Amino acid sequence: MSLLEPSSLGMFRDLVGEDAVPRPRPLVKEGGHSGADIDTHATTVIAVKYRDGVINIADRRATAGNTVMYDQAEKVMALDDHTLISISGSFAKSIEVVRYLRHAFKYYERSQLQAMSLDGKLQELSRVIANNVPAALQGIGAFIPIVSTFEVGGSGPRIFFYDVLGGQFESADFGAAGSGSAPIRGVFEYIIRTKGPFRDMDREAALRESLTMLEIAADLDTATGGSAKYLPAAKYIVEGGIHDFTEAEVKAGLGRA
Amino acid sequence: MRYSPYEWNESINQRNDYIEDKLKEGSPVVALTYDNGILLLTLRRSQRKIYEIYDRLVFSAIGNQSDIESIRTGAIDIAHREGFSRSPDDVSIQRIVGFAVSPSIKKIYADPYAAPVVLRALFAELGKTPAEDQFFIVSYDGEFTSNRRLATIGGTSYAESQMLDHLKSSTGVEVPTLEEALKSSIFAWAIGRIQTDPSGSDDDTEPVGDRTSEVKAFVSERLEEGWVVEAAILERSTRRESRYRVLKDEDLTAAIAFFA
């Protein structure tokens, strides 16, 4: 393409071609798969809304079957200055998806001179997850993200979670994904009933309670790493953008000041 | 149809005159390294002039808006395709300007039946250290030059060199802070703009001595007429996802106050 030809309307997948869009590559011969093994999202990621924004934490273990592959995986990643994606499932696929989405959002913003709307971004993510369904059914490369964002001048903190088909749901106050997420649903309810809702907590208290949930998930789920070797990843989004919790803050939250 | 050498020469000269005449009206753009990144600055009446191309690449130009747009979107396309299929580290100013932008402009310039690209463009790339920052200026004929530390584009080459002289003397050897860089850039912009301002005098004499009061008056007149300072930075160290940031009014107040 010549440089001086008219450009696409900020549609990144038109620019790079459909082949570059994350999608399944058939690896298993026809009929050779079992749909029962779809649940491979071994990890725990948690997003909660607190008084001033939204907190995202995740363990750092990456597994393959029964083997711990890596203990320093970064599962909470920035998509833009006010949006975090926390991933569960196939790590390789997730990295590819995040790279694709970052480029797609930035390409739109830089070429069209306006930021892509939140709905536009979520739609793009849904499409990528839906494209991935065949691979997920084959038991390869399933991934399920949680998206947290802070809408400046809009409705503030928001959390979205997904099912494996790309269906998108908005959560009022809490989102969790990964194999460790089911055991801690009850813990979350318990915290709300005994300590009050997260949205009334300050940052410190909300971090402490979220880390408690993550520690419980690590105790109950083999695929979720604990905090003994490496501290969990912890970030928060407020009106001013995305921040990392400091090591000291995370340690304090774990009661190890 | 074939050209004789004489006709070819004539046609090129006419092209240059036509383009340079149009560029004269352009509001200059100043780019320089400051201690935490790169600053691009101009004053404008309406259309936005400074654009982000990629993670570490910014662009600004004077000329026909439609030509600026096609170069801008073309560069963005190439940078994103490259950055996605290889790595963001492989998107370099040298490759974008040298292999994509410059040859395309040259091709159009050399075609006597094509409308020439009316533009003088400035690309800047943020390096890991101030010494690695790079500035490229691309002309309407496809020729390009590269600079370190600072670069300017303006209506005439004389205006550009005046601006450069001012920047060199006002920022000195040390890499300036953002505050100093803003002040020097507005000053340099005025020096360049005074040269080509349609409302200005036709006095061609070499300006001498301290021009502070003349520049201050010129800048505050423009601001009163509704011109606005447009400034954007690429930050070398930031915790934000994007290095590019358009400066807000409150970031500019101190620098503008100097010219009041």
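Throughout, a chain's letter reflects where its sequence line sits, starting with A, and its residues are numbered from 1. Every value quoted in this text rests on a predicted model; they were computed, and no experiment measured them.
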Answer yes or no: does atom CZ of B:R86 have more than 12 heavy-atom neighbours from other residues, nucleotides or ligands under 6.0 Å? no
What part of B:Y244 gets within 4.5 angstrom of chain A, counting heavy atoms only: side chain, backbone, both, or neither? neither
Within the structure provided, determine whether A:T83 and B:E241 are in side-chain contact (heavy-atom separation under 4.5 Å). no
Taking ring-ring contact (aromatic ring centres under 6.0 Å, His included) as the test, write out the residues that go with A:F174, two or more places apart. A:F188
So which atom in B:S242 and which in A:K106 form the shortest heavy-atom distance, rounded to 0.1 Å? OG-CE, 4.1 Å
How about A:E170: does its CD atom have over 12 heavy atoms from other parts shown lying under 6.0 Å from it? yes
May I ask you to check whether over 12 heavy atoms, not counting those of A:R199, lie within 6.0 Å of atom CZ? no
Would you check if A:Y107 and B:F84 make a side-chain contact, meaning some heavy-atom pair closer than 4.5 Å? no
State, with a plain yes or no, whether a side-chain heavy atom of B:R245 is found less than 4.5 Å away from one of A:D81. no
Looking at B:Y51, is A:R110 sitting on its ring face, NZ or CZ under 6.0 Å from the six-membered ring centre and within 45 degrees of the normal? no
Would you give the length of the straight line joining atom OG1 of B:T73 to atom CG of A:L15, rounded to the nearest 0.5 angstrom? 11.0 Å
CD of B:E250: more than 12 outside heavy atoms within 6.0 angstrom? yes
If you draw a 6.0 Å radius around CG in B:D249, do more than 12 non-hydrogen atoms from other residues or ligands fall strictly inside? no
Heavy-atom closest pair (A:H103 atom, B:G83 atom, distance to 0.1 Å) is NE2-C, 3.5 Å
Below 4.5 Å, heavy-atom pairs only: which of A:I242, A:D244, A:L79, A:L113 has the largest tally toward chain B? A:L113
